[in-house]
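First up is the structure itself, then whatever we jot down about it.
Just so it is clear: chains get the letters A, B, ... in the order the sequence lines come, proteins before strands, and each one is counted from 1. All heavy atoms count here, side chains included; hydrogens, waters and symmetry mates do not.
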2 protein chains.
Amino acid sequence: MPRAGLDRAAVVELALAVVDDGGPTGFTDLTLAAVAARAGVAVPSLYKHVAGLPALRREVALVCVVDFVHTLEVVRERHGGADMLPAMAHATRDLARRSPGRYQAVQGTSWVRDPDAGAVQQAGAQAVAELSTAVAALGVPDERRIDAVRAFRAATHGFVVLELEGGFGMPDDVDESFDFLVAGLVGGLERLSVR
Amino acid sequence: MPRAGLDRAAVVELALAVVDDGGPTGFTDLTLAAVAARAGVAVPSLYKHVAGLPALRREVALVCVVDFVHTLEVVRERHGGADMLPAMAHATRDLARRSPGRYQAVQGTSWVRDPDAGAVQQAGAQAVAELSTAVAALGVPDERRIDAVRAFRAATHGFVVLELEGGFGMPDDVDESFDFLVAGLVGGLERLSVR
DNA sequence: CGCATTGGCTAATGGCATTAGCTTTTAGTC
DNA sequence: GACTAAAAGCTAATGCCATTAGCCAATGCG
């Protein structure tokens with residue numbers, strides 16, 4: 001019997017494929033059994049490469065968060081000043097729609113209180129830092145910086161979650177609703193800087 | 001052996017207790033085994049009263065959503081005009097903090113695409129209707145009503161989710177951040193009505 | 001060519017949901 | 001008050017998943 005030739009990276013890659021194929025619940029539904037099936041290998045063999053399901057989840061999440069941060073970085077480099085934050089909002093929603101499972105991996109579970117998820121936490125902090133930069137570019141005063149970042153994260157994350165779950169009953173143009181939300185948010189934050 | 005004297009309602013009640021004791025993940029962690037243990041009964045016995053775990057989850061969710069709607073109704077009756085929407089925002093967050101598991105039951109899973117969750121969907125629609133009333137009370141024009149409700153839901157839900165998951169790293173006053181968010185939201189929506 | 005490493009396997013255990021089928025309580029009726 | 005049928009509990013069995021232990025064969029290095 002020839003070997004499958006797996007390694008840690010290959011397993012994570014296959015797990016990402018499982019997540020991507022699983023739609024909005026892809027990350028929740030990520031299972032060692034599914035990865036093993038995809039690899040053409042028995043389940044216990046995976047333990048030669050990853051420490052277990054929670055560890056695999058962390059690895060997957062790390063990839064997704066790093067990707068997300070990179071996306072935000074690109075946005076920052078391309079957009080100066082006031083259009084940076086809206087661009088980040090749209091980039092976030094785009095990612096969530098293109099790869100709902102990966103978005104779930106980024107935001108879904110509470111890595112925050114997981115002592116083994118240091119790398120994920122660090123990457124998450126980077127993402128927040130990018131947002132903070134964008135908020136600052138709007139002219140929001142320093143003492144409101146944290147509040148503004150929280151408001152931005154809450155609004156975009158909430159919207160995306162509701163959209164992915166199908167929480168917006170009627171099909172009235174969701175794109176328009178998102179533009180409305182972002183415009184209101186940016187408007188509100190800009191007004192802070194004027195005073 | 002004396003009987004336990006269960007019935008459908010009692011099982012749901014016990015399930016709610018499990019959810020309440022489980023913190024933010026109480027609903028996800030709801031298990032027939034946990035309910036059975038609490039009832040002092042073997043797991044299969046529960047099937048005499050509920051159709052299975054998914055059905056029990058639906059029942060639990062229904063109770064939680066109905067409670068939530070009732071909370072919003074009370075808010076509507078007590079507050080007129082412009083302070084109705086902020087009051088609903090705070091009521092939502094209060095509920096989420098007091099009973100994170102129940103909040104998860106309300107918003108967590110996608111009942112929307114579950115053909116057996118008609119009752120939950122109806123109750124959910126009622127909740128949205130209450131929010132719509134509150135938005136209207138702010139003077140938002142009709143053609144922006146849906147967008148405004150969506151923005152409100154996104155902002156509050158997103159905030160609450162991030163808070164519950166511990167997503168707000170630093171402990172900088174979260175109450176203040178929430179007030180900031182709500183104030184910005186209400187301000188933005190009020191401004192719509194002026195034009 | 002030999003051999004250690006390593007990647008795969010099967011088998012076993014334990015948690016969970018679910019189904020089937022049995023027994024005993026319980027409540028209703030004569 | 002006794003008889004019976006429904007209801008409520010039980011145990012046993014199945015299946016899916018993760019995890020651990022221990023075995024065997026492929027691979028690569030000297």
- Note on the structure: Contacts of Phe180(B) meeting ring pair (Phe, Tyr, Trp, His ring centres under 6.0 Å) (sequence neighbours excluded), chain-then-number -> none
- Message: Going by ring pair (Phe, Tyr, Trp, His ring centres under 6.0 Å), name the residues that satisfy it together with His70(A), two or more places apart in sequence or in a different chain.
- Response: none
Where the side chain of [X] is concerned, which of [options] is the nearest nucleotide?
X: Pro54(B); options: dA11(C), dA8(D), dT18(C); answer: dT18(C)
X: Leu6(A); options: dG8(C), dT19(D), dA12(D); answer: dG8(C)
X: Leu32(A); options: dT19(D), dG22(D), dA17(C); answer: dT19(D)
X: Pro44(B); options: dT20(D), dA17(C), dA20(C); answer: dA20(C)

Grab the [atom1]-[atom2] distance between [X] and [N] for me, whole Å please.
X: Arg8(B); N: dA7(D); atom1: CZ; atom2: C1'; value: 15 Å
X: Tyr47(A); N: dA18(D); atom1: OH; atom2: C1'; value: 4 Å
X: Asp29(A); N: dA18(D); atom1: CG; atom2: C1'; value: 16 Å
X: Leu46(A); N: dC17(D); atom1: CG; atom2: P; value: 13 Å

- Does any donor atom in the side chain of Ser132(A) or Arg145(A) lie under 3.5 Å from an acceptor atom in the other side chain? yes
- Return yes if a side-chain donor-acceptor contact under 3.5 Å exists between Thr25(B) and Gln104(B), otherwise no. no
- Which sits closer to the 5' end of DNA chain C, Lys48(B) or Leu53(B), going by the nucleotide each is nearest to? Leu53(B)
- The answer to which of Gly40(A) and Ala34(B) contacts DNA chain C further toward the 5' end, by nearest nucleotide, is Gly40(A)
- Message: Whether Asp94(A) and Arg97(A) form a salt bridge (side-chain N of Lys/Arg under 4.0 Å from carboxylate O of Asp/Glu) is what I want to check.
- Response: no
- Should Arg93(A) and Glu163(A) count as an ion pair when the cut-off is N to O under 4.0 Å? yes
- Message: Base, sugar-phosphate or nothing for Val41(A)? Non-hydrogen atoms, less than 4.0 Å.
- Response: sugar-phosphate
- Message: Any base atoms under 4.0 Å from Ala33(A), or only sugar-phosphate, or nothing? Heavy atoms, all strands.
- Response: sugar-phosphate
Side-chain N or O of [X] versus OP1/OP2 of [N]: is the shortest distance under 4.0 Å?
X: Ser45(B); N: dC10(D); result: yes
X: Thr31(A); N: dC16(D); result: no
X: His49(A); N: dG8(C); result: yes

- Task: Give a yes or no on whether the ring-centroid distance for His157(B) and Phe159(A) is below 6.0 angstrom.
- Result: no
- Helix axis bend for the helix from dC1(C)-dG30(D) to dC30(C)-dG1(D) - C1'-based end axes, five pairs, 10° rounding: 10°
